[in-house]
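Taking it in order: structure first as structure tokens, then the write-up.
Residue numbers start from 1 in every chain, and the chains themselves are labelled A, B, ... in the order their sequence lines are given, proteins ahead of strands.
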Amino acid sequence: MIGPYCHVDPGAEIGEGTVLEGSVTLLGRTRTGRDCRIHPYAVLRDATLGDRTVVREHVSITGARLGDDVYVMANSVVGPGCELENHVIVVNACVLPGRNRIEEWAIVSAHVELSEGLTVGRHAFVGGASRITRPVPPYVLVQGFDGEVRGINSVGLRRRGFRPETMDALREACRRLWRLGEPVDAVERELGMVPEVRTLVEFLRR
Amino acid sequence: MIRIGPYCVVGREVELGPDTVLVARVTITGRVRVGARCVFHPTACIGGPPQDRAPAAPDGRIEIGDDTSFDEATTVHLPKTGGGVTRIGSRCRFRYGAHAGHDATVGDGVELGRFVALGGHSVVEDGVTMDDRSAVHQFATVGRGSRVRSFVPVTEDVPPWMEVAGNHYRVVGLAPGAPPELEEARRRIWNSGLPLEEALAALPDTPAIRELASFLRRRAAGRFGRALEAARK
């Protein structure tokens with residue numbers, strides 16, 4: 001369904017069940033999956049969207065790939081080479097300047113600005129108005145102008161059904177890594193049997 | 001006379017008051033009532049569904065008062081709660097990119113700076129000024145006459161007539177136009193290190209101080225520094 005005053009370039013493809021609400025602009029080789037919803041004044045240029053992805057009002061996406069069930073809220077900007085994996089949420093007026101990889105289930109809150117090329121790990125939560133200049137490890141919560149790790153993303157992990165033992169192990173790993181400043185190897189030796197801690201440790205080694 | 005410029009989209013359930021102007025390329029959809037003499041600049045977009053996976057409440061609506069203006073790229077969303085209202089008062093100004101989320105309440109004479117984002121169910125009381133890129137957390141309240149400086153994420157209720165600043169906000173002074181007797185109250189509450197009730201005890205009994213005290217007690221009775229959290233399941 002295409003609402004009034006939309007512009008769709010000849011090279012763009014719209015998946016079945018996708019709705020362009022009105023005043024939407026799809027440019028270049030933009031492709032949307034099924035059942036996406038694109039709201040007024042959004043502009044997508046050479047973007048690829050998975051299924052059921054929502055792009056809200058005034059969002060600009062250029063040369064980026066978005067997975068399934070991604071939600072990009074009003075006034076955000078997603079630059080060239082960005083990759084947003086499945087279930088990612090980007091809240092209002094965020095700036096992802098380019099080559100940013102946001103791994104599955106991560107949430108980037110309102111007014112966050114990332115430096116170019118930074119990755120946000122899976123299930124991480126970036127608190128509102130943060131300036132992020134270092135990669136954000138998976139499963140953690142970061143907040144503030146220094147993008148400091150404040151702990152694990154306990155609300156998000158609980159909602160997605162992570163077991164309490166897993167969350168305890170991640171909490172302990174966080175405490176040792178960022179409160180006590182222990183080396184990555186030591187944390188891996190003692191907690192590395194928990195797969196999520198292993199993912200965290202491998203992220204930090206990259 | 002109502003004026004609607006080119007490339008505007010106005011839904012069937014939209015009511016516009018006298019002398020309201022849609023300059024051009026404005027979208028107003030859903031059940032929306034707009035008062036008199038409002039101005040909507042190009043790309044203002046009113047009446048989108050809540051930014052939530054759940055659909056909009058079928059009987060929710062947006063009410064906008066008189067003499068309120070919306071600059072470019074502004075958004076106001078329909079409520080998520082059944083029978084709910086996203087309410088914007090009179091004589092407000094939404095600057096470029098300002099956003100009122102689902103079920104938000106904005107009083108009269110409120111100024112929202114560029115890209116100010118009001119989260120779901122948040123309340124901004126009369127006469128508040130929010131500077132560019134500040135934001136209000138879901139269920140937070142910004143008290144009457146207060147001023148929120150640029151970039152401040154308001155995660156806890158802002159007391160009436162106070163000016164707040166910083167990434168984890170602090171009360172830095174009185175907002176312009178505040179009743180002067182609040183200066184003494186501000187110093188005792190935020191600079192003396194006394195517990196709230198002790199700080200309040202020695203203050204004179206004036207309407208402004210009573211208002212401030214009851215606001216702070218409601219905030220303390222809520223959770224996470226937000227009075228409205230108390231009513232949340």
Side-chain angles (χ1 to χ4, degrees), chain A residues 2-7 19-25 35 37-43 52-60 68-77 87 89-95 107 109-113 126-131 142-148 150 155 159, chain B residues 6-11 24-30 42-55 71-77 96-102 113-120 122 132-138 140 148 150-155 166-169 224:
Chain A
I2 301 186
Y5 307 127
C6 289
H7 171 82
V19 176
L20 310 189
E21 293 273 358
S23 308
V24 169
T25 308
D35 301 315
R37 217 175 173 91
I38 306 177
H39 288 261
Y41 312 110
V43 180
R52 298 173 302 281
T53 282
V54 181
V55 176
R56 294 302 306 239
E57 299 89 329
H58 315 108
V59 165
S60 161
D68 299 337
D69 301 291
V70 172
Y71 206 126
V72 183
M73 295 191 191
N75 284 320
S76 289
V77 179
H87 301 284
I89 298 176
V90 176
V91 187
N92 286 49
C94 282
V95 181
I107 298 180
S109 308
H111 294 168
V112 169
E113 295 196 17
V126 183
S130 299
R131 291 301 109 87
V142 301
Q143 164 78 63
F145 274 28
D146 46 6
E148 204 178 302
R150 309 274 162 162
V155 173
R159 281 182 190 168
Chain B
Y7 304 115
C8 290
V9 177
V10 180
R25 292 185 205 281
V26 172
T27 298
I28 308 183
T29 52
T43 72
C45 190
I46 313 297
Q51 292 191 132
D52 193 275
R53 298 275 179 205
D71 285 5
E72 297 83 351
T74 47
T75 39
V76 178
H77 288 162
Y96 187 98
H99 160 81
H102 63 86
R114 295 160 190 91
F115 293 105
V116 166
L118 308 182
S122 60
D132 297 350
R133 271 194 179 267
S134 56
V136 184
H137 194 279
Q138 294 96 301
V148 179
S150 298
F151 295 102
V152 174
V154 171
T155 53
N167 197 236
H168 296 277
Y169 88 73
F224 319 122

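- Ranked by non-hydrogen atom pairs under 4.5 Å with chain A, the options B/Pro49, B/Ala135, B/Gly97 are led by B/Pro49.
- Interface residue A/His111: backbone and side-chain heavy atoms are both found under 4.5 Å from chain B.
- A 4.5 Å side-chain heavy-atom check between A/Val126 and A/Ser109 finds every atom pair outside the cut-off.
- The side-chain heavy atoms of A/Met73 and A/Ile89, taken from C-beta on, include a pair separated by under 4.5 Å.
- At a 4.5 Å heavy-atom cutoff, the contact between A/Tyr71 and chain B is made by backbone and side-chain atoms alike.
- Taking B/His137, B/His77, B/His168 one by one and counting their heavy-atom pairs under 4.5 Å with chain A, the maximum is reached by B/His77.
- A salt bridge links A/Arg52 to A/Asp69: at least one charged side-chain nitrogen sits closer than 4.0 Å to a carboxylate oxygen.
- Without hydrogens or angle criteria, A/Ser76 side chain to A/Val91 main chain gives a donor-acceptor distance under 3.5 Å.
- Residue with the most contacts toward chain A among B/Glu72, B/His99, B/Arg25, B/Arg53: B/Arg53 (heavy-atom pairs, distance under 4.5 Å).
- Ranked by heavy-atom pairs under 4.5 Å with chain B, the first of A/Gly127, A/Ala74, A/Ser130 is A/Ala74.
- With a 4.5 angstrom heavy-atom cutoff, A/Tyr5 touches chain B only via side-chain atoms.
- In this structure, the side chain of B/Asp132 engages the main chain of B/Arg114 through a donor-acceptor pair within 3.5 Å.
- In this structure, the portion of B/Ser134 lying under 4.5 Å from any heavy atom of chain A is its backbone and not its side chain.
- Interface residue A/Gln143: only side-chain heavy atoms are found under 4.5 Å from chain B.
- Using a 4.5 Å heavy-atom threshold, the side chains of B/Tyr169 and B/Val148 count as separate.
- Counting heavy atoms from C-beta outward, B/Val76 and B/Thr74 have side chains that stay 4.5 Å or more apart.
- The greatest number of non-hydrogen atom pairs below 4.5 Å with chain B, out of A/Arg37, A/Glu21, A/His58, A/His39, is found for A/His58.
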